[in-house]
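To start, the structure under review is shown below, and the notes come after it.
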Amino acid sequence: MQCISKGNRLTDHKTLRSLPLSEAITISAQAVGEVMSGRSLTEVLDQLEPHERPIVQSLTFDALRKWVRSHELIKQFIPKPPPVEVDHLLSVAIALFLQGTSDGKGYAAHTIVDQAVQACEQYDKTLYAKGLVNAVLRKVSLIVNPPEGEVRYPPDPIPMFFPPWWRANLKRNYPKSWQGLQIAQAQRAPLIVRVNTRQYTRDQYQELLNDANIAATPIEEVAGVKLNSALLLRDPVPVIDLPGFYSGAVSVQDSGAQVAATLLNPQPGEKILDACAAPGGKTAHLLELADCEMLALELDGGRLGKITGNLDRLRLSSENVRVVRGDASKAAWWDGQLFDKILLDAPCSASGIVSRHPDIPFLRREADIRTLQHKQREIMAQAWKMLKPEGLLLYVTCSVFPEEGEDQAQWFATEHANAVRLSSPGQILPTEANDGFYYALFKKNGS
Ligand SMILES: C[S@@+](CC[C@H](N)C(=O)[O-])C[C@H]1O[C@@H](n2cnc3c(N)ncnc32)[C@H](O)[C@@H]1O
């Protein structure tokens with residue numbers, strides 16, 4: 001990772017064989033700073049060296065997930081807000097204490113304090129960071145792990161930050177479950193994989209996992225849709241430890257996302273458009289299910305390589321699969337041939353996948369929802385013109401806001417007299433076992 005904070009002494013992580021905790025805290029605190037200045041965490045993490053990524057990702061995710069709780073504690077012990085770099089470092093270190101208590105594992109308290117204080121070396125002496133961090137963490141340690149017989153810090157049901165407009169939206173639309181939704185989204189997301197059924201059945205792959213001492217259980221269905229390739233791993237492992245990962249046996253994909261290709265039910269020879277394709281998870285799943293003629297469209301040229309990379313790894317690239325850069329809300333890239341089926345996995349707030357992307361609540365603005373809604377309608381209207389009569393269009397978002405889900409499906413059905421709504425799950429809410437998605441399936445009536 002490049003130096004991203006002033007006074008950073010870390011210039012060459014490549015030389016480190018493994019990452020000491022103090023280094024990981026330093027990089028994570030910088031990554032938190034990047035998110036606070038509006039940058040996507042995925043982009044920041046993509047800059048890391050492979051050996052840095054697992055621990056830095058884990059620490060940064062936890063810091064963002066525990067933001068509200070860690071800042072209550074910081075406020076309790078430092079009445080005046082600390083310098084912003086120190087605040088970020090404390091949020092990482094405090095999350096280590098909090099996470100440690102929730103899963104029973106974790107670092108010893110003295111190790112966290114010691115390593116966080118070491119991480120302060122990077123700061124200008126005038127910030128007095130060492131003393132401050134040492135004092136605060138020692139107090140936090142006593143609160144989180146109190147001496148025998150003393151009262152524990154009362155658990156805050158929602159340790160994660162959600163902006164007020166977001167909470168108001170959930171409360172309005174899910175008056176009974178809005179708090180539960182936020183609690184589910186503040187959890188560490190489980191690792192779920194999709195078996196490439198061109199190479200193995202789910203049972204066969206589960207046996208391979210078993211042989212590698214990786215415990216997994218099948219996820220049979222999500223929202224009434226039967227899945228035949230989803231496996232839930234009991235403990236997360238790096239992808240390199242998944243048997244056959246590099247020869248395309250398996251991909252990491254949430255079970256809620258595996259509903260898309262299953263619902264669209266591709267058949268050999270069908271002409272299918274994946275209108276918003278990168279990084280290609282759903283394109284690949286469609287191709288695993290049938291030899292269809294696939295056009296994977298993506299607006300962001302920088303993300304095209306992710307689609308081809310995934311297809312190559314999964315051994316799915318062929319002359320029947322085209323990966324094209326283009327804007328799905330326009331027809332400039334289109335050769336005029338109609339599609340049998342269209343998957344429209346639209347750009348959205350990503351409010352349903354917060355447990356995998358805890359930076360989202362920090363990055364989204366309320367005004368984004370209206371802009372996204374407008375774009376989604378443009379893409380839907382354009383895609384409909386490219387669909388054969390009797391063809392199917394599957395509209396998908398990974399959002400929990402009805403503005404990007406049911407409202408859009410209703411608008412579409414009203415605007416398009418030849419659209420027949422078929423049975424589909426509609427809103428799938430996030431749980432500890434799946435992310436939140438919205439699905440609406442339409443058939444085009446007429447000859
Ligand atoms: C939700 S993601 C798609 C995820 C993908 N279907 C998968 O399962 O791996 C939405 C994608 O749409 C792309 N996108 C945004 N606006 C677009 C447009 N107007 N035309 C085509 N792609 C667009 C984004 O760059 C992003 O890669």
Side-chain angles (χ1 to χ4, degrees), residues 1-13 19 22-49 52-75 78 80-96 98-99 116 119-124 126-129 132-133 136 159-167 185-186 300 302-303 347-351 353-372 398:
M1 181 165 171
Q2 285 175 358
C3 303
I4 47 181
S5 99
K6 224 169 124 198
N8 177 12
R9 70 192 167 85
L10 297 174
T11 51
D12 186 12
H13 294 299
L19 208 56
S22 65
E23 303 268 358
I25 292 175
T26 301
I27 305 174
S28 302
Q30 292 169 357
V32 167
E34 292 283 314
V35 171
M36 295 307 141
S37 61
R39 203 157 156 222
S40 137
L41 184 55
T42 308
E43 231 179 85
V44 175
L45 295 174
D46 278 350
Q47 277 184 274
L48 297 176
E49 299 298 328
E52 296 172 336
R53 185 160 178 147
I55 182 162
V56 172
Q57 176 168 319
S58 164
L59 296 189
T60 314
F61 272 32
D62 285 342
L64 297 178
R65 287 188 185 118
K66 304 283 183 195
W67 191 260
V68 170
R69 183 94 61 95
S70 63
H71 284 81
E72 282 169 5
L73 289 165
I74 293 173
K75 221 159 139 190
I78 321 177
K80 206 172 119 212
V84 66
E85 300 92 329
V86 178
D87 177 273
H88 296 159
L89 191 141
L90 279 171
S91 68
V92 173
I94 293 175
L96 265 169
L98 297 172
Q99 197 61 51
C120 292
E121 292 286 351
Q122 64 181 309
Y123 299 132
D124 193 318
T126 57
L127 291 181
Y128 303 108
L132 203 60
V133 165
V136 172
M160 189 162 179
F161 168 77
F162 291 95
W165 64 267
W166 182 311
R167 275 187 277 129
Q185 294 209 293
D300 182 345
R303 283 164 65 79
C348 72
S349 62
S351 54
I353 54 172
V354 165
S355 60
R356 289 181 204 282
H357 297 274
D359 53 330
I360 300 284
F362 293 90
L363 300 176
R364 288 289 166 267
R365 300 287 171 264
E366 188 171 16
D368 296 345
I369 306 302
R370 191 159 279 277
T371 311
L372 286 162
C398 51

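Residues take their numbers from the sequence shown, with the count starting at 1. Every heavy atom of this structure was used, including side-chain atoms; hydrogens, water molecules and symmetry mates were not.
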side-chain contact (heavy atoms from CB on, under 4.5 Å) between T60 and H88, intermediate numbers included = CA-CA 10 Å; T60 314; H88 296 159; over 6 Å; no
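- Side chain of T26 to backbone of S22: a donor-acceptor contact under 3.5 angstrom is found.
- The side-chain contact (heavy atoms from CB on, under 4.5 Å) search around T371 returns none, not counting sequence neighbours.
- Salt-bridge check for D368 with R365: failed, with every basic side-chain N at 4.0 Å or more from each acidic carboxylate O.
- With rounding to the nearest 0.5 Å, the separation of CZ in R69 from CD1 in I74 is 13.5 Å.
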L96 vs D62, side-chain contact (heavy atoms from CB on, under 4.5 Å): CA-CA, chis, key distance, verdict = CA-CA 7 Å; L96 265 169; D62 285 342; over 6 Å; no
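- Residues satisfying the side-chain hydrogen bond (donor to acceptor under 3.5 Å, both in side chains) test with S351, not counting sequence neighbours, are S349, S399.
- For the atom pair CG of L132 and CG of L90, the computed distance is 6.5 Å after rounding to the nearest 0.5 Å.
- The heavy-atom pair separating S70 from L98 by the smallest distance is N-CD1, 4.4 Å.
- Of all non-hydrogen atoms in C348 and L372, the two that sit nearest each other are C-CD1, 3.6 Å.
- Atom CG of L41 sits about 9.5 Å away from atom OG of S28, to the nearest 0.5 Å.
- Considering CZ of R39 and CD of Q47, their distance stands at 4.5 Å, rounded to 0.5 Å.
- Residues Q57 and L48 have side chains not in contact (no heavy-atom distance under 4.5 Å, counting atoms from C-beta outward).
- One distance of note links CD1 of I27 with CG of L19; it measures 5.0 Å at 0.5 Å rounding.
- Counting only distance, with no hydrogens or angles, the side chain of E52 and the backbone of E49 share a donor-acceptor pair below 3.5 Å.
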Should T42 and H357 be marked as a side-chain contact (heavy atoms from CB on, under 4.5 Å) after you check the CA-CA gap, both sets of side-chain angles, and the distance that decides it?
-> CA-CA 8 Å; T42 308; H357 297 274; 3.7 Å; yes
Is there a side-chain contact (heavy atoms from CB on, under 4.5 Å) between V56 and E23 once you walk through the steps?
-> CA-CA 9 Å; V56 172; E23 303 268 358; over 6 Å; no
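- Legend: residues meeting salt bridge (Lys or Arg N to Asp or Glu O under 4.0 Å) with D359, ordered by chain and number and at least two apart, are absent.
- Judged as a side-chain contact (heavy atoms from CB on, under 4.5 Å), and not counting sequence neighbours, the contacts of P163 are F161, W165, W166, P361.
- Considering all non-hydrogen atoms of both residues, V32 and V92 come closest at CG2-CG2, 4.1 Å.
- Taking the side-chain contact (heavy atoms from CB on, under 4.5 Å) definition, one finds that A350 meets it with I353, I360, R364, C398, sequence neighbours left out.
- Between F362 and W67, the ring-plane angle classifies as perpendicular under the 30° and 60° cut-offs.
- Residues satisfying the side-chain hydrogen bond (donor to acceptor under 3.5 Å, both in side chains) criterion with E366, sequence neighbours excluded, are absent altogether.
- Note that the CG atom of L73 and the OG atom of S91 stand 11.5 Å from one another [nearest 0.5 Å].
- Between L89 and A119, the shortest heavy-atom contact is CD1-CB, 3.8 Å.
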